[in-house]
Colleague: 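Sharing a structure here in C-alpha cells format.
Remember, it's 1-based here, ligands and their atoms both numbered in the order they're listed.
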Amino acid sequence: MRLSEAKLLEKLARLGVEPKPGTLLSKLTSLGIGGTTDLLRITKHDAIPAILDLLDEHKIPHKFLGGGSNLLVGDGELSWVVLQLAKPEPDVVLQGNLAHVDAAADLGRTVTFCAKHDLGGLEGLIGVPGTVGGALRMNAGAYGTQIGSYVQEVKVYRAAQRKIEILSGNQISFEYRHTSFAPDDMMLAVTLNLPSKPYSEIIQGIRICNEKRRASQPMGQKSAGCIFKNPPGASAGRMIDELGLKGLCVGDARVSDRHANFFVNAGRATARDMLALIADVRGRVEKAYGVKLENEVVVWSA
Ligand code: EPU
C-alpha cells in the first residue's frame, strides 16, 4: 500500500512520521519473506493515538511490526501499512530490581544487559530472536522461562479504548504462547521485576541454554522459530520428525533437517510456498495422529 495523499502525509509529518514507501518486508522478517508496503516508524509513544486516528480517518489498514521474528508475511504489494516503534536511547533503564524496557528493545541484548547488572531470571530467553514487545505480546518462552512471569507493569496502546494505558502484571493473563492482550493492542514498554543473582551464575545459565539451542535448533538459517504450538502434552517437532518429514520442501520452503518444527527459507521461498508447506504438514500430522496443529507463527496475508 502506498500513502500518497498530500494532506495525510502533511499531518503525519506533523506527528513526526515520514512513511518509507516501498519497504520490502522480507528485509524486516527473520524468514526473509514478505512483500512491499509503506513503513511508518514512530519515535514518540504519545503520538500513537493521533497517528492511528488519522489512519482510521483515511481508512488506511495497518499492522504493528515488532522484530519480525515470528511472522510470515504475504507476497507482492501488501494491502496495509506497517507501524514500527523506533528504538529509543537508552532502551533499558534499571532501578533496583526493576528493569524499565522499551518494547523496541532487542530481547537478547536486554537479557545480557540485565545480567551484567546482576539481574537474572531471563536466562532461558537468550537466543529467542525479536523485540521485547513481540516477546511480551505472545508470552515468549524457552527452557522453562516465560517472560510473563516477570512482568510488573505494561504500557500499551489499547486499540479498543483508543488510548495508552498502564496495566499491572496481574491484570494480564500470560499462558503458553498466549496473552490476554487484544490482537490490535500495541506494546510500548514493560517493567520487569527480576531476581538478583551474581553475574557469574546468570552467565552459566545462559551458556547452558545456548548450548541446548545450538544442539537442537537450526541457527543462522532463515526461520520464524517454531511454526506450530505444541499440543498439550506432546511435541509438534517430534510428531513431524516421526513422520519422516524433515527435508520436505515446497519450492525453497523446507522442513529443517535439525528440528522438524522449524521451517526454513532455504533460498527464495515465497509466502505461498511456506503456507503450502504448513498446510501439507498439518494435514499429514492430523491424518496420522488425529491432532490439528495450531500455528505459532503469525500470518499476515497480503
Ligand atoms: N524432537 C524430535 N525431533 C525434532 C524436534 C524435537 O524428536 O525434530 C524431540 C526432542 O528430542 C525432544 C522433544 O521432541 O525430546 C521436544 O523438543 P525440544 O526440546 O526441541 O522442544 P520443543 O517442544 O520442540 C519448545 C519450544 C521452543 C523452545 C524449546 C526449548 C514450542 C512450540 N517450542 O520446542 O520454542 O525453544 O521448547 O524450550 O513451544 C519457539 O517458540 O519458536 C520455539 C522454538
Colleague: Can you list the residues that meet the side chain to side chain contact (heavy atoms under 4.5 Å, CB included) rule with I208, with sequence neighbours excluded?
Modeller: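 If we apply the side chain to side chain contact (heavy atoms under 4.5 Å, CB included) test to I208, skipping adjacent residues, the hits are Q204, K212.
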Colleague: Would R109 and D91 pass as an ion pair if we require N to O under 4.0 Å?
Modeller: no
Colleague: If you count only heavy atoms, which residues are under 4.0 Å from ligand 1?
Modeller: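 A142, Y143, Y176, R177, R213, Q217, G225, C226, F228, N230, S235, G237, R238, D241, K246, H259, A260, N261, F262, E296.
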Colleague: Can you name the closest pair of heavy atoms from L72 and I33 and give their distance?
Modeller: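 In this case the closest contact between L72 and I33 is CD1-CG2, 3.9 Å.
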Colleague: Who are the side chain to side chain contact (heavy atoms under 4.5 Å, CB included) partners of E77, not counting sequence neighbours?
Modeller: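 For E77 the side chain to side chain contact (heavy atoms under 4.5 Å, CB included) partners, ignoring immediate neighbours, are T36.
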Colleague: Which heavy-atom pair separates T23 from K20 by the least distance, and what is that distance?
Modeller: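 Minimum heavy-atom contact is OG1-O, 2.8 Å.
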Colleague: Please tabulate, for the side chains in residues 285-296, all donor-acceptor contacts under 3.5 angstrom to protein atoms that are two or more places apart in sequence or on a different chain.
Modeller:
| from | atom 1 | to | atom 2 | distance (Å) |
| --- | --- | --- | --- | --- |
| Y289 | OH | M239 | O | 3.4 |
| Y289 | OH | E242 | OE1 | 2.8 |
| E294 | OE2 | K229 | NZ | 3.2 |
| N295 | OD1 | R282 | NH2 | 2.4 |
| E296 | OE1 | R177 | NE | 3.0 |

